[in-house]
There are 2 protein chains.
Amino acid sequence: MGLREDKKDRTRTQLLEAGLDLIHKRGFEATTVADIAAAVGVSPRTLLRYFPTKEDVIVSWVQDGMTIIREELEERLKSEPPVVALLASARAMLAVFEEKSRFFLAIETAIRSNRSISARKEQMIAELIDEVARILASPDRPCRLPGVVAYTVSGTVFALIRATISSWVEGREGMSLPDIFDQAATVVHFETNGTE
Amino acid sequence: MGLREDKKDRTRTQLLEAGLDLIHKRGFEATTVADIAAAVGVSPRTLLRYFPTKEDVIVSWVQDGMTIIREELEERLKSEPPVVALLASARAMLAVFEEKSRFFLAIETAIRSNRSISARKEQMIAELIDEVARILASPDRPCRLPGVVAYTVSGTVFALIRATISSWVEGREGMSLPDIFDQAATVVHFETNGTE
DNA sequence: TTCTTTTTGACACGCAATGCCATTTGTCGT
DNA sequence: ACGACAAATGGCATTGCGTGTCAAAAAGAA
């Protein structure tokens with residue numbers, strides 16, 4: 001990695017941290033793009049080159065989680081049936097976030113504090129649900145699922161993730177993310193015509 | 001209903017139709033708030049008093065669906081177990097939309113055409129999921145569900161709705177919305193400790 | 001009618017986001 | 001080490017959404 005990409009990584013991280021910090025203190029709308037940029041010593045124009053929208057400063061963490069799921073799923077689908085693979089991928093992602101639980105809680109709190117952030121997050125999840133559904137239903141796969149079933153399985157697993165995170169944030173019980181996920185997973189059973 | 005509220009309803013409807021029409025023809029971003037307002041003969045400022053954001057011109061239909069679910073659910077929870085009540089409420093909403101399927105398809109197409117619209121929609125659904133979960137878990141109800149279970153059930157049922165609509169929009173099969181929903185519902189079974 | 005309340009329009013403003021171009025800053029070959 | 005090249009950045013201008021404010025207009029009440 002050259003000096004150039006090295007510097008880019010540093011700037012990006014600084015923007016991420018400064019953004020989370022300022023938004024945490026002042027709130028999302030009260031924090032302008034110029035504020036965050038100034039805190040790092042960079043022009044507002046540059047910040048918007050790193051992050052397409054102001055929301056993405058917070059929501060880029062969601063991207064990371066989505067990448068984990070995508071990669072896990074692709075790997076597991078080679079040897080596991082679809083439902084098992086997807087559930088395991090989701091659990092793996094939550095296990096990673098459990099390790100950075102302090103940061104993750106701060107992020108989730110920021111997301112919940114403002115509609116436009118949560119809108120962006122939900123929209124990204126919706127796209128991932130469709131993407132995963134298309135993978136599960138793709139004709140070139142063994143044990144592919146029929147269209148409606150694929151959408152249902154994909155959507156349901158992400159519903160489990162949502163339920164997990166919601167419970168965790170309210171968090172009276174000190175349970176870990178994967179543990180809550182397992183608990184949520186016992187509530188629903190999948191009936192995919194023996195393809196499971 | 002006096003002359004005043006009558007006129008408001010008419011203006012609102014006009015904005016809705018003009019908005020859907022223009023966005024359908026020119027696309028969402030190419031259509032400005034001023035355009036839609038001008039098409040109805042109203043100031044842009046007034047449009048934004050009827051709809052908090054430009055997205056809401058399209059997404060207000062989602063609001064209508066959400067209202068149906070809320071009302072059905074409240075009624076059914078008096079006599080039916082939670083999971084049954086929620087599933088029936090969702091199905092009822094889809095049955096209403098099936099009757100206006102031409103309009104509904106236009107709306108869904110518009111939503112899918114643009115990220116910021118779908119972001120707004122998903123964010124609203126997310127709020128409804130939480131709201132329903134809180135209802136199912138509220139302490140003053142008979143057969144209330146524990147927190148994680150409530151979030152899971154609520155999220156899963158809305159995942160079924162999502163799967164239904166996605167399949168319906170892709171729509172090779174000429175099935176009706178409630179029929180697709182029933183099909184999706186056979187894929188998952190709920191295990192709520194006999195409270196079902 | 002006249003008085004009161006609600007709705008609307010007009011204007012100004014802040015801010016996010018995009019395009020464009022000049023300038024700076026790494027990178028690479030010679 | 002120097003200069004040519006590409007990439008990153010900053011500054012500027014622009015568009016459009018969304019908000020606050022206030023005066024004018026429309027609807028309802030007395």
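To find a chain, count down the sequence lines: A is the first, B the second, and so on, and within it residues start at 1.
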Check this for me: does any side-chain nitrogen of one of B:Lys121 and A:Glu122 sit under 4.0 Å from a carboxylate oxygen of the other?
no
Atom CG of A:Asp56 and atom P of C:dA16 are separated, to the nearest Å, by 14 Å
- Message: With salt bridge (charged side-chain N to carboxylate O under 4.0 Å, His left out) as the criterion, how do B:Arg115 and A:Glu127 come out once you've worked through the C-alpha distance, each side chain's angles and the decisive distance to 0.1 Å?
- Response: CA-CA 10 Å; B:Arg115 286 195 160 177; A:Glu127 281 185 7; 3.0 Å; yes
By nearest-heavy-atom nucleotide on DNA chain D, the more 5' of B:Thr53 and A:Lys7 is A:Lys7
Here the distance between atom C1' of D:dA25 and atom CZ of B:Arg45, to the nearest Å, is 17 Å
**Request:** Pick base, sugar-phosphate or nothing for A:Tyr50, based on heavy-atom distances below 4.0 Å to the nucleic acid.
**Result:** sugar-phosphate
Ignoring backbone atoms, establish whether B:Thr46 has a side-chain N or O less than 4.0 Å from OP1 or OP2 of C:dG9. yes
Winner on side-chain proximity to B:Lys54, out of D:dG18, D:dG10, D:dA8, is D:dG18
Rounded to whole Å, the CD1-P distance (A:Ile36 to C:dA17) equals 10 Å
Contacts satisfying ring-ring contact (aromatic ring centres under 6.0 Å, His included) that involve residues 24-74 of chain A (not counting sequence neighbours) are A:Trp61-A:Phe103
Exactly one candidate in A:Ser60, A:Ser116, A:Ser118 meets side-chain hydrogen bond (donor to acceptor under 3.5 Å, both in side chains) with A:Glu55; the answer is A:Ser116
task = Please work out if A:Thr31 contacts a base, only the sugar-phosphate, or nothing of the nucleic acid, heavy-atom cut-off 4.0 Å.
result = sugar-phosphate
* Tell whether B:Arg49 reaches the base of D:dG18 with its side chain through a donor-acceptor pair below 3.5 angstrom. => no
From CG of B:Asp35 across to P of D:dC17 the rounded distance in Å is 8 Å
Atom CG of B:Asp6 and atom P of D:dA26 are separated, to the nearest Å, by 17 Å
Determine, for B:Glu108 against B:Arg112, whether the closest basic-nitrogen to carboxylate-oxygen distance falls under 4.0 angstrom.
-> yes
Which of D:dG10, C:dG26, D:dG28 is nearest the side chain of B:Arg4? It is D:dG28
From CG of A:Asp9 across to P of D:dA8 the rounded distance in Å is 12 Å
Separation of D:dG20 atom C1' from A:Glu29 atom CD, nearest Å, is 15 Å
**Asked** So what does B:Pro44 hit on the nucleic acid, given a heavy-atom distance under 4.0 Å: a base, only sugar-phosphate, or nothing?
**Response** nothing
Ranking D:dG28, C:dT18, D:dG18 by distance to the side chain of A:Leu48, first place goes to C:dT18
